[in-house]
Asker: 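Here's a structure for you.
Remember, predicted model here, so these are calculated numbers, not experimental data. Quick note on labels: first sequence line is chain A, next is B, and so on, each numbered from 1.
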Amino acid sequence: MISNDQFYQTLRLRFGFDSFRPGQLEALTSLASGQNTLAVLPTGAGKTLIYELYGAVTHQLVLVVSPLISLMQDQVISLNVRGEKRAAALTSQMSRSEHQWVVNHLKFYRYLFVSPEMLSQPQVLAAVKAVKPGLLVVDEAHCISTWGPDFRPEYLLLGQIRHQLGDPLTLMTTATATNRVKADIKRKMQLSKAAEIIQPVDRPNIFLDVERFEAADDKDARLVELVSELRTPGVIYFSSKKKANEMAELLNAKTSCRVAAYHADLDAETRFKVQQQFMQDQLDVICATSAFGMGIDKNNIRFVIHYHLPGDLESYWQEIGRAGRDGQQSVAILLYLSGDEQLSQFLSDATVPQDDEISYYFKHQPQENSAEKANLIWFYKQHGYREEQIKLAFTKRREQRALALSQLMTYVRIPTCKRAFIQGYFGQPIASKVSQCCVNDSEGLDLQQLGLLVSTPVSSGTQQADWQTIIAQLFNFS
DNA sequence: CGGTCTTGGTGTACACCAAGACCGGTGCGGTACT
């Protein structure tokens with residue numbers, strides 16, 4: 001049994017901190033007592049420190065399942081910078097020989113990062129199993145719930161994979177989880193008895209505003225007005241890459257802000273560049289799709305605007321939660337145009353196959369140019385799912401997405417306190433009432449009163465950050 | 001699904017409308033090609 005003293009000692013030696021942030025020690029103690037643990041901690045609470053410290057104290061392999069290659073690379077660099085060289089990310093971006101070298105030398109590593117897809121490969125799984133990891137970490141664990149079964153189906157295999165690894169001690173971490181998502185994560189990981197470490201998710205410094213429109217032109221005009229008036233930096237979310245491009249161009253032309261688009265069509269180099277420029281305050285506003293966000297830890301974002309509806313309230317909370325990490329007053333504005341929910345509906349229908357499609361694709365092996373749905377169904381068939389099971393899973397998924405959309409629409413329309421509604425949705429008690437709460441409590445959005453009006457014209461000579469600051473921002477230190 | 005843009009036919013020469021086409025998010029790994 002590991003004592004708290006050991007954790008404190010390692011915290012001092014390795015990180016130079018004297019105390020833990022809320023939730024960290026609780027999670028470590030829970031793991032040390034042998035309990036599988038689901039830790040719901042706000043971004044920036046230092047979820048990484050938990051498993052890094054656990055590995056350092058126990059001297060066993062920590063296997064981290066992560067959704068994005070860029071996230072894995074950030075973590076490896078950050079470990080390296082702290083002097084931990086025994087960290088690697090096993091990804092498709094390595095050459096065949098590099099990949100093979102890591103697989104053959106797993107016992108030399110203390111931290112190994114993999115995607116669910118990579119871990120599903122029999123050769124990788126066997127090699128990891130042979131090393132007997134002391135801790136399995138599922139980072140951004142809400143992905144298990146929000147992405148399966150119609151996107152990245154390997155996430156649904158993680159429960160099974162965990163058994164194949166010999167049921168190692170498991171830590172699941174996420175920043176946002178309703179009771180439904182928490183239950184879904186545990187069920188799919190087959191860890192119904194996992195302990196929960198929960199920190200409150202309310203963000204009292206984010207004012208909640210919803211504005212409704214009947215004409216598209218009115219919404220566009222309001223967006224331009226808001227971006228002209230609001231203090232930056234800010235993020236605007238879209239459900240269309242084309243619209244994100246168009247609006248970035250329009251805002252560059254009509255406001256004094258420096259604006260760029262960010263979505264999956266950009267090549268890796270441009271994406272990296274846009275992200276870094278935003279981090280370093282060389283860009284004021286990002287017009288993004290849902291591709292933007294995970295791993296972004298910028299503390300001075302003043303506004304998050306939604307031009308289109310997100311998929312559900314969990315995503316909404318996650319996206320607006322990127323504002324105001326520094327604790328300063330910030331604002332979340334949802335611009336709703338009548339009929340916007342039809343785009344959400346379409347995006348859901350486009351990836352969730354119907355029963356007749358499932359029957360067809362179940363019998364016909366996908367060809368090279370087959371639809372994503374065809375590959376999806378074949379994937380489940382190859383993993384032993386029966387046709388009826390697949391139909392049931394997707395029917396449930398369709399119902400769940402429809403419900404999520406209707407709950408979001410309730411948020412849009414509800415005439416009472418928006419924060420009270422969301423806190424209720426997350427199953428958390430309402431924190432003490434804040435004075436700047438939401439549009440319904442304050443009779444509208446008053447930027448002056450919130451202190452969010454841009455006071456001075458943008459950019460009076462760009463300030464050059466010193467190189468230490470730039471490097472620190474690059475690697476996400478805090 | 002539903003809005004927006006393009007195409008094509010009409011009847012009488014440049015405008016009009018109806019029918020049809022098009023579009024709409026998130027990423028991993030691997031494989032086949034230059």
Asker: For the residue pair Q354(A) and R398(A), establish whether any side-chain heavy-atom pair is separated by less than 4.5 Å.
Answerer: yes

Asker: Quick one: side chain to side chain donor-acceptor pair (under 3.5 Å) partners of T395(A), sequence neighbours excluded?
Answerer: none

Asker: Would a line drawn from the ring center of Y316(A) to the ring center of H306(A) be shorter than 6.0 Å?
Answerer: yes

Asker: Run through DNA chain B and report every stem of 3 or more consecutive Watson-Crick or G-U pairs, distances under 3.5 Å, ordered by first number.
Answerer: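 Detected stem regions: B:1-10 with B:15-24.
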
Asker: Grab the NZ-C1' distance between K241(A) and dT26(B) for me, whole Å please.
Answerer: 9 Å

Asker: Does K242(A) place a side-chain N or O at less than 4.0 Å from the phosphate oxygens OP1/OP2 of dG25(B)?
Answerer: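 So the side chain of K242(A) is outside the cut-off, no N or O lying under 4.0 Å from OP1 or OP2 of dG25(B).
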
Asker: Show me the donor-acceptor pairs within less than 3.5 Å that the side chains of residues 402-413 of chain A make with the rest of the protein, sequence neighbours left out.
Answerer:
unit_1: S406(A); atom_1: OG; unit_2: L403(A); atom_2: O; d: 2.9
unit_1: T410(A); atom_1: OG1; unit_2: S406(A); atom_2: O; d: 2.9

Asker: By the 4.0 Å heavy-atom rule, please label H263(A) as base, sugar-phosphate, or nothing.
Answerer: sugar-phosphate

Asker: Do nucleotides 27-34 of chain B as a string where each nucleotide becomes B, S or -: B if the base has a protein heavy atom under 4.0 Å, S if just the sugar-phosphate does, - if no protein is that close.
Answerer: BSBS----

Asker: Does Y109(A) have its ring centroid less than 6.0 Å away from the ring centroid of H105(A)?
Answerer: no

Asker: What protein N or O atoms touch nucleotides 1-5 of chain B N or O atoms at under 3.5 angstrom, if any, and at what distances?
Answerer:
unit_1: dG2(B); atom_1: O5'; unit_2: Q342(A); atom_2: NE2; d: 3.3

Asker: Taking the six-membered ring of F278(A), is NZ or CZ of K298(A) closer than 6.0 Å to its centre and within 45° of its axis?
Answerer: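 Cation-pi check for K298(A) and F278(A): passes.
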
Asker: Strictly below 4.0 Å, heavy-atom distances to any atom of DNA chain B: list the hits from residues 352-362 of chain A, or just say none.
Answerer: none

